[in-house]
Amino acid sequence: MVWVGIIITAICFGVIHLPLSKNFSNLTFVTFSATIVGNLITESFFGWVYWRRGLLVAIIVHVVWDWVFHVVGSPYL
């Protein structure tokens with residue numbers, strides 16, 4: 001039952017990121033799918049961390065992930 005909640009939340013999280021994806025490219029089937037699937041994978045991991053280690057650890061992991069993915073891995077640097 002926990003995984004059902006994690007997956008549903010991850011899909012919803014991906015859907016709310018669609019407007020952000022639209023800022024970087026046209027919203028096509030590929031960008032739509034990449035946004036949903038990418039967020040499904042990462043948010044499932046964050047959900048698992050929350051389930052196993054708690055909210056504070058999940059927040060820290062998410063902040064570190066965002067920093068590495070968006071700042072260190074940014075092609076705009």
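Bear in mind that the values here come from a model prediction, so they are computed numbers and not experimental data.
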Straight-line distance of [X] [atom1] to [Y] [atom2], nearest 0.5 Å:
{"X": "Glu43", "Y": "Tyr50", "atom1": "CD", "atom2": "OH", "answer": "13.5 Å"}
{"X": "Thr35", "Y": "Leu27", "atom1": "OG1", "atom2": "CG", "answer": "7.0 Å"}
{"X": "Ile11", "Y": "Ile6", "atom1": "CD1", "atom2": "CD1", "answer": "12.5 Å"}
{"X": "Ser44", "Y": "Asn39", "atom1": "OG", "atom2": "CG", "answer": "10.0 Å"}

Are [X] and [Y] joined in one hydrophobic group, where the rule is that I, L, V, M, F, W and Y side chains link up if heavy atoms are under 4.5 Å apart?
{"X": "Phe46", "Y": "Ile59", "value": "no"}
{"X": "Val30", "Y": "Phe32", "value": "no"}
{"X": "Trp3", "Y": "Ile41", "value": "no"}
{"X": "Trp51", "Y": "Leu55", "value": "no"}
{"X": "Val64", "Y": "Trp67", "value": "yes"}

Could you report the tightest heavy-atom contact between [X] and [Y], atom names first, then the distance?
{"X": "Leu40", "Y": "Ala10", "result": "CD1-CB, 3.7 Å"}
{"X": "Thr9", "Y": "Gly5", "result": "OG1-O, 2.7 Å"}
{"X": "Val49", "Y": "Val61", "result": "CG1-CG2, 4.2 Å"}

### Query
His17 vs Phe13 aromatic rings, parallel, tilted or perpendicular, using cut-offs 30° and 60°?
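Ring orientation of His17 relative to Phe13: tilted.
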### Task
Mind running side-chain contact (heavy atoms from CB on, under 4.5 Å) on Phe45 and Trp65 for me, showing each step along the way?
CA-CA 11 Å; Phe45 173 69; Trp65 171 264; over 6 Å; no
